[in-house]
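Reading through the structure tokens given below for one structure.
Note that ligands are numbered from 1 as they come in the structure, with each ligand's atoms numbered from 1 the same way. Remember, it's a predicted structure, so these values are computed and weren't measured experimentally.
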Amino acid sequence: MSDLRGAIIPVTPFQQNCAILWDEATRIGLVIDPGGDVERILAAIDQTGAKIEKIVLTHGHLDHAGGAAGLRDALQARSGAGVPIEGPDIRDKFLLDGIAEQAAAYGFEASNVTPDRWMEEGDVVTFGPHRFEVLHCPGHTPGSLVYVNQAARFAVMGDVLFQGSIGRTDFPYGDHAALITAIKTKLLPLGDDFSFLCGHGPGSTMGAEKAGNPFLR
Ligand SMILES: [Zn+2]
């Protein structure tokens, strides 16, 4: 039995799945990919009763990271304690440095952000008794990370793999072949029973995607 709990808050005009994960026993938690709508995320945190001790980013895109600095500042103002931002891989620094400019082009406000801890393959993110291993899965962006909890058989996917689809790679820095390789060599081998949360839309399992995802044929 795992005491890992989660809530999803779709944020930004891109309906990105910001996630709050917390430990039921201790209420210690973290927020993954606060892309924007910081007030709504704060309200959701209050509903869960979670005590947020860190913010984690899967990759550098605006809709995933645009609210990270704002949420950190709001949480720190509330508690007086530091709330570090961890991830993504440093290869997404150029995206995090361009968030404000990108947001302005879409007509809304968001802040550039510099993580307190860049992460890479093999690193581990912990909160309470929970442990997520870091897999580097480039292709959608150069620094995309997937966070894997072996005990709960659960992963946080960002925009690497979706139910019936894969992350888009039509950016100048996109790499379709690298994305497919990462999915096939690092994610599908996790096991058919492994479930995951996607950056947009519904979640899925490795088994369902191995069997039915047309991009993985
Ligand atoms: Zn993305």
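- The pair Asp192-Arg153 does not meet the salt-bridge criterion, since no charged nitrogen lies less than 4.0 angstrom from a carboxylate oxygen.
- Residue Asp159 is tested with Gln16, His140, Arg168 for a side-chain hydrogen bond (donor to acceptor under 3.5 Å, both in side chains); the sole match is His140.
- With 2.8 Å as the limit, His140 counts as an N, O or S neighbour of the Zn ion (ligand 1).
- Using cut-offs of 30° and 60° on the angle between ring planes, the pair His61 and His59 is perpendicular.
- For the residue pair Thr12/Asp63, the side-chain donor-acceptor check at 3.5 Å is not satisfied.
- Atom ND1 is the N/O/S atom of His61 found closest to the Zn ion (ligand 1).
- Taking backbone and side-chain atoms together, Asp159 has an N/O/S atom less than 2.8 Å away from the Zn ion (ligand 1).
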